[in-house]
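Please read the structure below before turning to the comments.
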Amino acid sequence: QKGDWQPILTAIGSISPVQGAMISAELAGTVAEIDFQSGALVKKGEVLLKLDASAEIAQMRSAIADAELAKNDLERARGLAERKVISAAEFDAVQSRQTQKKAAVENMQSAIDKKQIRAPFDGTAGIRAVNPGQVVKVGDPLVSLQALGQVFVDFSLPQQQLAEVQPDLPVKVTTDAIPDREFEGKLTAVNSSIDPTTRNVSLQATLDNQDEAL
C-alpha cells in the first residue's frame, strides 16, 4: 500500500545545559560564609558564598575618610581659585587628588563586592567544592551552576548527509537513562566547517526540559 515515509538520520550525542558554568573565585581569600545548599535552586543575583572581606572593609573606611578630606580641600580650593588666590595649576592638582581618592573608594568597594560570590543566572547549584574557613585562590572552582530548563544536544553526522540537514528540522532524543521516553526538539545549529580528520559535521539541537528530566 502507499504511505508517507520520513527518512531519519541517527547519531549518538551528548546533552549539556543551555546555561551552565563553574563558578570560581575572582579574588583570593578565606571562605567566611556559604549561603546555599548543594542541589538547591538559586536565583540570579543571589549570594552563594562570601569570602572574608574584613581587611578590605577597614581599608574602605580609611579610603572614605581620605575622600571626604579631599572633597573638603577641593571646595576650599574652588573658592580660593575664584578669588584668584591660587593658580589654576594648583586648583587642578587639588581636583586631581580628589578624583584619585574617590577612585580609591570605588576600587575598594569593587573588591568588597567581588568577595560576595553571586549567581549569574537562575539555576540549580551543584555540590559545593569548598568549606567555611578554606583558603581559595583566584580561579579556584567553588560550585557548578546549571540552568536545565533548556538543554543542548551535540552530535555529528558524516559529511555525505550534510545536504539533508538544515536548521529547524525536528529532532527526537532517547536515552537509556530514561527508558520508554522520547524527547522532542529542533535542530538549531549546523557547524560551518567539517572536521578534517573524521570528515564529520557537528550539529546542535535544542530541547525544552522544564521538568529537568534530562
Checklist entry - Do you know which two heavy atoms are closest between Ala28 and Lys137, and how far apart they sit? => result CB-CA, 4.2 Å
Item to check | Non-hydrogen side-chain atoms of Leu74 and Phe91 separated by less than 4.5 Å | outcome: yes
Next on the checklist: Please give me the minimum heavy-atom distance between Val165 and Leu9, naming the atom from each residue.
Outcome noted: CG1-CD1, 3.7 Å
Checklist entry - Do you reckon Val201 sits in the same ILVMFWY cluster as Leu187, going by side-chain contacts under 4.5 Å, direct or chained? => result yes
Checklist entry - Is there side-chain contact between Ser156 and Thr198, with heavy atoms separated by less than 4.5 Å? => result no
Checklist entry - After noting the C-alpha distance and the side-chain angles of Thr206 and Val151, does the key distance pass the side-chain contact (heavy atoms from CB on, under 4.5 Å) rule? => result CA-CA 6 Å; Thr206 304; Val151 293; over 6 Å; no
Checklist entry - Are side-chain heavy atoms of Ile15 and Phe152 found at a separation under 4.5 Å? => result no
Item to check | Nearest atoms (heavy-atom pairs only) where Phe183 meets Thr175 | outcome: CE1-CG2, 4.4 Å
Next on the checklist: Minimum heavy-atom separation for Pro167 and Val190, please, with both atom names.
Outcome noted: CD-CG2, 4.4 Å
Checklist entry - About how many Å separate CD of Gln98 and CG of Asn72, when rounded to the nearest 0.5 Å? => result 10.0 Å
Item to check | Heavy-atom closest pair, residues Leu27 and Ala111 | outcome: CD1-O, 3.6 Å
Checklist entry - Do side-chain atoms of Glu46 reach the backbone of Lys43 as a donor and acceptor pair under 3.5 angstrom? => result yes
Item to check | Donor-acceptor contact below 3.5 Å, side chain Asn131 vs main chain Gln134 | outcome: no
Checklist entry - Within a strict 4.5 Å, meaning less than it, do heavy atoms of the Leu80 and Glu82 side chains meet? => result no
Checklist entry - Are any side-chain N or O atoms of Thr99 and backbone N or O atoms of Gln95, one a donor and one an acceptor, separated by less than 3.5 Å? => result yes
Next on the checklist: Hydrogens and angles aside, do Gln59 and Arg61 bring a side-chain donor and acceptor to less than 3.5 Å of each other?
Outcome noted: no
Checklist entry - How close do Gln146 and Phe121 get, heavy atom to heavy atom, and via which atoms? => result C-CE1, 4.3 Å
Item to check | Rounded distance (nearest 0.5 Å) linking atom CZ of Arg78 with atom CG of Asp73 | outcome: 12.0 Å
Next on the checklist: Under the criterion side-chain contact (heavy atoms from CB on, under 4.5 Å), I'd like the reasoning laid out for Leu162 against Glu164: C-alpha separation, chi angles, the key distance, then a yes or no.
Outcome noted: CA-CA 5 Å; Leu162 181 58; Glu164 302 177 54; over 6 Å; no
Checklist entry - Between the main-chain N or O of Ala213 and the side-chain N or O of Asp211, is there a donor-acceptor pair closer than 3.5 Å? => result yes
Item to check | hydrophobic_cluster_shared for Leu157 and Ile194, side chain cutoff 4.5 Å | outcome: yes
Next on the checklist: Counting only heavy atoms from other residues, nucleotides and ligands, does the tally under 6.0 Å from CD of Glu182 exceed 12?
Outcome noted: yes
Item to check | Minimum side-chain heavy-atom gap Asp35-Leu49 below 4.5 Å | outcome: no
Item to check | Lys/Arg-Asp/Glu bridge criterion (N-O < 4.0 Å) met for Lys71, Glu68 | outcome: no
Checklist entry - When clusters are formed by joining ILVMFWY residues with side-chain heavy atoms under 4.5 Å apart, either directly or through shared neighbours, do Leu48 and Met22 land in the same one? => result no
Next on the checklist: Is it true that Ser24 and Glu26 share a donor-acceptor pair across their side chains at a distance under 3.5 Å?
Outcome noted: no
Next on the checklist: Under 4.5 Å between side-chain heavy atoms, counting indirect links through other Ile/Leu/Val/Met/Phe/Trp/Tyr residues: same cluster for Met60 and Leu69 or not?
Outcome noted: no
Item to check | pair Lys115-Glu56: side-chain heavy atoms closer than 4.5 Å | outcome: yes
Checklist entry - Transitively linked via ILVMFWY side-chain contacts under 4.5 Å: Leu203 with Val173? => result yes
Checklist entry - Hey, does the side chain of Gln116 reach the backbone of Asp113 with a donor-acceptor pair shorter than 3.5 angstrom? => result no
Checklist entry - Do Ser87 and Lys84 have side chains that get closer than 4.5 Å, going by heavy atoms? => result no
Item to check | Side chain Asn209, main chain Leu148, donor-acceptor under 3.5 Å | outcome: yes
Checklist entry - Does Asp195 use its side chain to pair, donor to acceptor, with the backbone of Asn200 at less than 3.5 Å? => result no
Next on the checklist: If you apply the rule side-chain contact (heavy atoms from CB on, under 4.5 Å), what do you find for Val130 with Asp140, and how did you get there?
Outcome noted: CA-CA 9 Å; Val130 293; Asp140 278 358; 6.0 Å; no
Checklist entry - What's the verdict on side-chain contact (heavy atoms from CB on, under 4.5 Å) for Met108 and Glu106, showing C-alpha distance, side-chain angles and the deciding distance? => result CA-CA 5 Å; Met108 291 309 305; Glu106 294 172 351; over 6 Å; no
Next on the checklist: Quick one, Ser202 and Asp154 - any side-chain contact, counting heavy atoms below 4.5 Å?
Outcome noted: no
